[in-house]
Amino acid sequence: MSSEAENKTPGKDFIRAKIDAQIKEGLDASTIQTRFPPEPNGYLHIGHAKSICLNFGIAAEYGGKCNLRFDDTNPVKESTEYVNGIMEDVRWLGFDWGPKVFYTSDNFDFLYEAAEKLILAGKAYVDSQSADDIHKTRGTLTEPGKNSPYRDRTPEENLALFRRMRAGEFADGTQVLRAKIDMASPNVVMRDPVLYRIRHTHHHRTGDKWVIYPMYDFSHCVSDSLEHVTHSLCSLEFENNRELYDWTLENLGMFPSKQTEFARLNLDGTVLSKRKLIQLVTEKYVSGWDDPRLPTIRGLRRRGYTPEAIREFAARIGVARADSRVDYALLEFCIREHLNRICPRLMAVLDPIKITVENYPEGQVEWFDMPLNPEDPAMGSRKVPFSRELYIERDDFMLEPPSKFFRLAPGREVRLRYAYYITCKDARRDEAGNVTELICTYDPDSKGGGTPDGRKVKGTLHWVSAQHAVKAEVRLYDRLFTQDDPDDMPAGKTFLDAINADSLKVTEAYMEPALAGYKPDSRVQFERIGYFCVDKDTAPGRQVFNRVVGLKDSWAKEVKKA
RNA sequence: UGGGCUAUCGUUCAAUUGGCAGGACGAUGGAUUCUGACUCCGUUAAUCUAGGUUCGAGUCCUAGUAGCCCAGCCA
């Protein structure tokens, strides 16, 4: 059993429960310090959002602080572009890291001095073996490693060598600084881990000042400690590194930050590893980091997700130590729940079929005033034109309807939302038998959508006036992968083999005129269809909408069953 | 006989430390409805296995089983 299980308070996740217990034992809540420490080598995804919400959330709840720290110790992978992108994403998610941004690279001088201290204390040495030899002598998971022939160099010798490393006298890969711990440790991480390596590479912040760079295991704990991080929260794969984290701070005599691990997020139908996301972007399987099919923060943002929905999602998935994979339906639930509250509701037809209302006067147009959201009158209203020729959704008509179908069919009466009742008199067909046009009549007494005799209709359809319809491009998205877990493919297959060829469908919508007024980033509900977000690709005269998520559709389920 | 970690409804997170296994999502039935949406009500369904301790075990003990992480000069 893990020691984390002790002293839990019920209902809370194990981390917050442990903090409660620590406070009970005297911890001053205002000293609680967390940090979100991304490496700027890619953009953030929803898995990071979980960590961000956890770290910033805990700081806010307990009256502590959370730092944003860029873990920028490997210059070959990192860039300012990513630093800026990450800050933008964290801010968009709604979190504030205060006036100071932290960088591990700001601690390079301190880290160097700390390394010299370890050398002087006989706890670190310069190893001149090749990377290959270091690998070979590390041992295996079941066998101990062998000591390096350079392990017993004197502190003076090591110090001189280390200073020459820093001075740039050695080529990349020829020397490393290693901690002198135990080559026989059952924990492979403790077998004389590398602390510093040589990299003659330009760093995005320190430029060419350094040619040696500290490793994660050395720099992360020291940076935590310098920031007085009390709760260093990271994902489960760092469990094995905790022993080295503690060793380093102890041997340096520094503030004892403590690491706690939790399970990272896995989400059905997508990948959440930076390596794979980078591959999807660079090899053009998607249009970019902000492709609306991607689980990146900017992808979700462009798709039309809101920060509120993502934060709600993070709260609902919880925090635990067990590996898990979350149902995509939960994310969709969260965005629907928020968009349902905030979106105006308008009408657009995605797959039109024409209706001619034969008893409606030719050339007549009526403008109906319709509420933008009947559940929230404060949203106001808009004007919608009605005329003799209309479009409705092709799915809303059936020649030979099954019993449970209560939309339009020959002889059937339905309501056109907020307008009139219409009855289908005839369905015109082409040679192939496809329905091309519906001939209907309307009941003038049903104006506004009700009748004096109070008769009921089963169906209410959305519609647009053909002559007033505004066309727009609509992008319909499906999951990017066909498998729930694209990371777990059969032998010989990779996650790329699971890419869904139909993850994007582009179509043309016929919209009521008011919809043309919405600018990029606006989110609306297309009644009876789903939530849509105006895309940044929108140009004058050519709107582009992304489908954020469809409405729940119990009729579609019914059809599927049949 | 390498070490570390994990195991509860289909999914996910709980269970006041040994006292009626609960919530959410999903699924499903119904009510309501000018969105087959929303909302409301109901139903469904779980303690990895085998022993043991105990009046009582998800929780403690013993032995198993399954899964995840670690052999980067990545983080």
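Numbers restart at 1 for each chain; the letters A, B, ... are given by sequence-line order, proteins then strands.
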Return the polar atom pairs (N/O with N/O) between nucleotides 18-20 of chain B and the protein under 3.5 Å, or none.
none

Suppose you measure atom [atom1] in [N] against the same atom in [M]; what distance do you get, rounded to whole Å?
| N | M | atom1 | result |
| --- | --- | --- | --- |
| A66(B) | U28(B) | P | 35 Å |
| A24(B) | A45(B) | C1' | 14 Å |
| U12(B) | A27(B) | C1' | 15 Å |
| U44(B) | U1(B) | C1' | 45 Å |
| C68(B) | A75(B) | P | 25 Å |
| C38(B) | U6(B) | P | 39 Å |
| U49(B) | U8(B) | C1' | 15 Å |
| U59(B) | U17(B) | C1' | 7 Å |

Inset, instruction - Would you tell me if any nitrogen or oxygen in the side chain of S324(A) comes within less than 4.0 Å of OP1 or OP2 on C13(B)? - result: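 For C13(B), OP1/OP2 do have a side-chain N/O of S324(A) under 4.0 Å.
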Legend entry - Phosphate contact (C13(B) OP1 or OP2) by K12(A) side-chain N/O below 4.0 Å: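 No, outside the criterion.
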Keeping the roles fixed (side chain from [X], backbone from [Y]), state whether a donor-acceptor pair exists under 3.5 Å.
| X | Y | value |
| --- | --- | --- |
| R153(A) | V126(A) | yes |
| Y43(A) | D89(A) | no |
| K274(A) | E39(A) | yes |
| H135(A) | S130(A) | no |

Inset, instruction - Any chance you could list the contact pattern along nucleotides 68-75 of chain B? Use B for base contacts, S for sugar-phosphate-only contacts and - for none, protein heavy atoms under 4.0 Å, 5' to 3'. - result: SBBBSBBB
Inset, instruction - Scan nucleotides 35-45 of chain B nucleotide by nucleotide, 5' to 3', and note B when protein non-hydrogen atoms come under 4.0 Å of the base, S if they reach only the sugar-phosphate, - if neither. - result: BBBB-------
Inset, instruction - Could you tell me whether G51(B) is syn or anti, where syn means a glycosidic angle within 90 degrees of zero? - result: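 Anti for G51(B); the angle lies over 90° from 0.
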Legend entry - Syn-anti status, with the boundary at 90° from 0, for the nucleotide U39(B):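 With its glycosidic angle more than 90° from zero, U39(B) counts as anti.
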What about [X] and [Y], are their ring centers closer than 6.0 Å?
| X | Y | value |
| --- | --- | --- |
| Y82(A) | H204(A) | no |
| F545(A) | F526(A) | yes |
| F481(A) | Y328(A) | no |

What's the [atom1]-[atom2] distance between [X] and [N], to the nearest Å?
| X | N | atom1 | atom2 | result |
| --- | --- | --- | --- | --- |
| F262(A) | C5(B) | CZ | P | 18 Å |
| K50(A) | U12(B) | NZ | P | 11 Å |
| R191(A) | G4(B) | CZ | P | 13 Å |
| E243(A) | C5(B) | CD | C1' | 14 Å |
| R325(A) | C25(B) | CZ | C1' | 16 Å |
| F313(A) | A24(B) | CZ | P | 18 Å |
| R321(A) | U6(B) | CZ | P | 5 Å |
| K560(A) | A27(B) | NZ | C1' | 13 Å |

Distances for protein N/O vs nucleotides 31-33 of chain B N/O pairs under 3.5 angstrom?
none

Legend entry - Salt-bridge criterion met for R205(A) and D106(A) (N-O under 4.0 Å):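 So R205(A) pairs with D106(A) through a salt bridge.
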Inset, instruction - Under 4.0 Å between any heavy atoms, over every strand shown, what does V319(A) touch: base, sugar-phosphate, or nothing? Just pick one. - result: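 Counting heavy atoms under 4.0 Å across all strands, the contact made by V319(A) is with sugar-phosphate only.
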Inset, instruction - Classify the nucleic acid contact of R415(A) as base, sugar-phosphate or nothing, counting any heavy atom under 4.0 Å across all strands shown. - result: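 R415(A): base contact, heavy atoms under 4.0 Å.
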Inset, instruction - Evaluate the side-chain hydrogen bond (donor to acceptor under 3.5 Å, both in side chains) criterion for residues T451(A) and D453(A): first the C-alpha distance (whole Å), next the side-chain angles of each, then the deciding distance (0.1 Å), finally the verdict. - result: CA-CA 5 Å; T451(A) 59; D453(A) 63 11; 2.5 Å; yes
Inset, instruction - Anything below 3.5 Å on both distances counts as a pair; with that, list the stems of at least three consecutive Watson-Crick or G-U pairs involving RNA chain B. - result: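 Stems found: B:2-7 with B:65-70, B:10-13 with B:22-25, B:26-31 with B:39-44, B:48-52 with B:60-64.
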Inset, instruction - Identify, with sequence neighbours excluded, every residue that meets salt bridge (Lys or Arg N to Asp or Glu O under 4.0 Å) alongside R407(A). - result: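 Partners of R407(A) under the salt bridge (Lys or Arg N to Asp or Glu O under 4.0 Å) test: D396(A).
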Residue list, ring pair (Phe, Tyr, Trp, His ring centres under 6.0 Å) with [X], at least two apart or on another chain:
| X | result |
| --- | --- |
| Y418(A) | none |
| Y245(A) | none |
| Y510(A) | Y391(A) |
| F36(A) | none |

Inset, instruction - Select from A329(A) and A322(A) the residue whose nearest nucleotide in RNA chain B is closer to the 5' end of that strand. - result: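 Result: A322(A).
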Inset, instruction - For S381(A), enumerate each residue passing the side chain to side chain contact (heavy atoms under 4.5 Å, CB included) test, keeping only those at least two apart in sequence or located in another chain. - result: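 For S381(A), the residues satisfying side chain to side chain contact (heavy atoms under 4.5 Å, CB included) (neighbours in sequence not counted) are D369(A).
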Inset, instruction - Report the residues that fulfil side chain to side chain contact (heavy atoms under 4.5 Å, CB included) with V76(A), sequence neighbours left out, ordered by chain and then residue number. - result: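 Testing V76(A) for side chain to side chain contact (heavy atoms under 4.5 Å, CB included), a comparison that skips the adjacent residues, returns N74(A), R199(A), T201(A).
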Legend entry - Distance-only polar pair, side chains of Q525(A) and E527(A), donor-acceptor under 3.5 Å: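 Not at all, the side chains of Q525(A) and E527(A) share no donor-acceptor pair under 3.5 Å.
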Legend entry - Euclidean distance, C440(A) SG relative to L390(A) CG, rounded to 0.5 Å: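 Going from the CG atom of L390(A) to the SG atom of C440(A) covers 8.5 Å.
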